[in-house]
Number of protein chains: 2
Amino acid sequence: MTILRAIIQNYLETGEPVGSRTISKYTDLNLSSATIRNEMSDLEEMGYIVQPHTSAGRIPSDKGYRLYVDMLMQDKQMEMDSLKLELNAKSEKLDSILKEAARVVAANTNYASMITAPRYRKRSIKFLQLTQVDDASLLAVVILEGNIVKNNIIHVDEVLTAETLLKLNLMLNTFLQGLDIEEINASVMQKLRTESGAYASLISDIIDVIATSLEGEEVEAYTSGSTNIFKYPELNDSQKASNLLTALEEKKQLTELMYQEGDSERGIQVYIGDESPLEATKDCSVVTATYHIEEGVYGKIGIIGPRRMDYQKVVGTLKNLMSELDQIFQKGK
Amino acid sequence: MTILRAIIQNYLETGEPVGSRTISKYTDLNLSSATIRNEMSDLEEMGYIVQPHTSAGRIPSDKGYRLYVDMLMQDKQMEMDSLKLELNAKSEKLDSILKEAARVVAANTNYASMITAPRYRKRSIKFLQLTQVDDASLLAVVILEGNIVKNNIIHVDEVLTAETLLKLNLMLNTFLQGLDIEEINASVMQKLRTESGAYASLISDIIDVIATSLEGEEVEAYTSGSTNIFKYPELNDSQKASNLLTALEEKKQLTELMYQEGDSERGIQVYIGDESPLEATKDCSVVTATYHIEEGVYGKIGIIGPRRMDYQKVVGTLKNLMSELDQIFQKGK
DNA sequence: TGTTAGCACTCGGCCATGCTGAGTGCTAAT
DNA sequence: ATTAGCACTCAGCATGGCCGAGTGCTAACA
């Protein structure tokens, strides 16, 4: 078993098929290449390693990698080299934190990274305000739990008096505060409308705009370091690179992968090669992790790299980042 | 001269060096390949075309392209196939308009595109508002000319009364409305501070946050279709592709290119190969255009593709988009 | 029974070689 | 001024031979 480990580790470093002689010299256990060959033969039969062609060294199969990362995962402790997010402490704009996180991870690992913003739908409205900007436009600001700010300009036909505005604001807040977007259903709307009297249609407009602005963009996601994939010859084939980069640009598929069933847990998920349901990442490994902003509100971060990824480092980095992020968001509350 | 045109046009289509026989058959003017050869020889001497190696066809040199696009540009009229931005008319968030514009252009031309948001520094403040969100945080909303909304959470130690808030808001608006970020100098600050009395330090904080939030991110930029470059074999070399994509990801350099001296005009700028000061685009052509939001406030959009770009189409598309954008922003006023 | 040495075998990668076809330049004829 | 013809060049491709890394197997050994 230590031989499998040795093979994998060597392959991770070099990226080239590893032969029996290399192992026999490289490791401490004094075994001749012939012995190694026998062992390798066994390992191949068990499906942990593969020969790209007769008379080349062996490379780990997906199954081999899987065994390896499983072993890694239950290792007592990973060294965590600290990484500090360099953020201007004062302003806490969610998107810049996320962008920075993606950037740091990509720079640290030399792989591509992608981070998704938490879903909005589950967040309750904390505060809501309309302001008259000029004759034709209202500004609607919505603050969600977690201090996420969304804003929108709404065009109106008539100028509202300060008094009306005050009344509308009060009403909107009374009715909507504490609700999340899914809870604003027909009955709430109905109440609001009857309550608002003459301004019913305006209210409808407003709710509409708010709803689309919250719901609209699906999950936002940021990528970084996507050009890192050129550093790995096995992905440097233009066909593969193109597919991968397209996936990273589109983001949609990857987002879906991350929000797969059953992993809303804190756990770190590893998809090796074909284990991923995504066509584009068949030649890659994807490692995803979850960060939490509060109960039920979480986002994902993923690292995409070659199969022969430095899993140890990646998992370490992610764990690290998770605690870093959790801390930031804790403070923000 | 019509021969040069023929050569270039053929090369634009095929991407392969074009030989004398091809031209002789392809065009209407009935000339044998030998004649073409003589002409080509002349053209080469004049520096408009180049042989990649002895006994291959000719390809246009940068100088040749330059001549070609110059001819194009003074052509009476380009056919503009209309392209409609699909935008939800109600919400007019600048960034989604820009993203959509980049997307449409990339999809229409099959090249990579990048669009920059207009610079903020020149925009004057239209409206400004502080709101208490919870015990520890204030929300600062700034609306700039052109209905660009920026917001920031500011942490405070004490809870402000509604009255104080009202006073602060009034004061901030009186002093800052109509100014752009560069006009908020020491003397204005000084006045504000003395005026505000006990809240001087809070005011400083607020101005600080506003300033950094406006100034902070430099110029925002969005890219789209960067993976289109894989469609052109001459850029499909991993070295070049990597450089280009990195440039597109970083955006910074490209932004600088776009904001080069002397082209704040409406004009469309074309950089062919080495004409560009950017190392990364030495193998490409870059076409940039300017859109206007109002006097002195403008952004740029650029298309990056291979030297053998369909200049006609690109320029047409850009012109089209420009008028489209101008219209949208006109309406928004 | 596990380990080792030795040997024949396999096969990708590399290099030299040769061929082909597209394309040129030049010259002589129209 | 245009054209036909011809010799020449050269990238691209296929072929074939060689090398070396690596394997599998067998026989010897502890």
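- Rounded to whole Å, the distance from CD on B/Glu39 to P on D/dT3 is 11 Å.
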Check the pair A/Arg307, A/Glu234 against salt bridge (charged side-chain N to carboxylate O under 4.0 Å, His left out), reporting the backbone distance first and the verdict last. CA-CA 9 Å; A/Arg307 269 172 157 94; A/Glu234 64 265 48; over 6 Å; no
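- When rounded to the nearest whole Å, the span between CD1 of B/Ile36 and P of D/dA4 equals 12 Å.
- Atom CD1 of A/Ile59 and atom C1' of D/dT23 are 16 Å apart (whole Å).
- Rounded to whole Å, atom P of D/dC10 lies 14 Å from atom CZ of B/Arg58.
- Remark: B/Thr54 is in phosphate contact with D/dC10, judged by side-chain N or O atoms under 4.0 Å from OP1 or OP2.
- Using a 3.5 Å distance cut-off with no hydrogens or angles, the side chains of B/Thr317 and B/Thr109 do not pair a donor with an acceptor.
- A straight line from CD of A/Gln51 to P of C/dC11 spans 10 Å, rounded to a whole angstrom.
- For the pair B/Ile49 CD1 and C/dG23 C1', the computed distance is 13 Å after rounding to whole Å.
- Within residues 9-16 of chain A, no residue approaches DNA chain C, by heavy-atom distance under 4.0 Å.
- The structure places CD of B/Gln9 at 10.5 Å from OG1 of B/Thr2, a figure rounded to the nearest 0.5 Å.
- Counting only residues at least two apart or in different chains, side chain to side chain donor-acceptor pair (under 3.5 Å) contacts with residues 235-245 of chain B comprise A/Asn236-B/Ser238, A/Ser238-B/Asn236.
- Atom CD in A/Glu44 sits roughly 10 Å away from atom C1' in D/dT23 (whole-Å rounding).
- Of the possible donor and acceptor atoms, one in the side chain of B/Lys313 sits under 3.5 Å from a partner among the backbone N and O of B/Asn108.
- The closest side-chain heavy-atom distance from B/Tyr271 to B/Thr288 is below 4.5 Å.
- In summary, of the residues considered (B/Ile272, B/Ile304, B/Leu318, B/Val69), a side-chain contact (heavy atoms from CB on, under 4.5 Å) with B/Val287 occurs for B/Leu318 alone.
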Per-nucleotide protein contact along nucleotides 12-20 of chain D, 5' to 3', at a 4.0 Å heavy-atom cut-off (B base, S sugar-phosphate only, - neither), is ---------
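- A salt bridge between B/Arg66 and B/Glu275 is present, with a side-chain N of the basic residue lying under 4.0 Å from a carboxylate O of the acidic one.
- Residue A/Thr35 is classed as a base contact, given a heavy-atom separation below 4.0 Å to a base.
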Tabulated below should be each protein N or O lying under 3.5 Å from an N or O of nucleotides 25-28 of chain D; please produce it.
none

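- We find the CD1-NZ distance between B/Ile49 and B/Lys63 to be 11.5 Å, quoted to the nearest 0.5 Å.
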Start with the C-alpha distance between B/Val315 and B/Leu72, add both sets of side-chain angles, then the distance that settles side-chain contact (heavy atoms from CB on, under 4.5 Å), and finish with yes or no. CA-CA 9 Å; B/Val315 171; B/Leu72 261 192; over 6 Å; no
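- Across A/Tyr311, A/Phe230, A/Tyr232, a single residue satisfies ring pair (Phe, Tyr, Trp, His ring centres under 6.0 Å) together with A/Tyr111, and that is A/Tyr232.
- If you take CZ on B/Arg58 and OG on B/Ser41, they are separated by 6.5 Å, rounding to the nearest 0.5 Å.
- Taking atom CZ on B/Arg21 and atom C1' on D/dT3, their separation rounds to 14 Å, with Å as the unit.
- The stretch residues 25-33 of chain B touches DNA chain D through B/Asn30, B/Leu31, B/Ser32, each having a heavy atom within less than 4.0 Å of the strand.
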Scan the side chains in residues 15-28 of chain B for donor-acceptor partners under 3.5 Å anywhere in the protein, sequence neighbours excluded, and list what turns up.
unit_1: B/Ser20; atom_1: OG; unit_2: B/Arg37; atom_2: NH1; d: 3.3
unit_1: B/Tyr26; atom_1: OH; unit_2: B/Glu13; atom_2: OE1; d: 3.4
unit_1: B/Thr27; atom_1: OG1; unit_2: B/Ile23; atom_2: O; d: 3.0

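- B/Tyr291 OH to B/Leu98 CG: the interatomic distance, rounded to the nearest 0.5 Å, is 4.5 Å.
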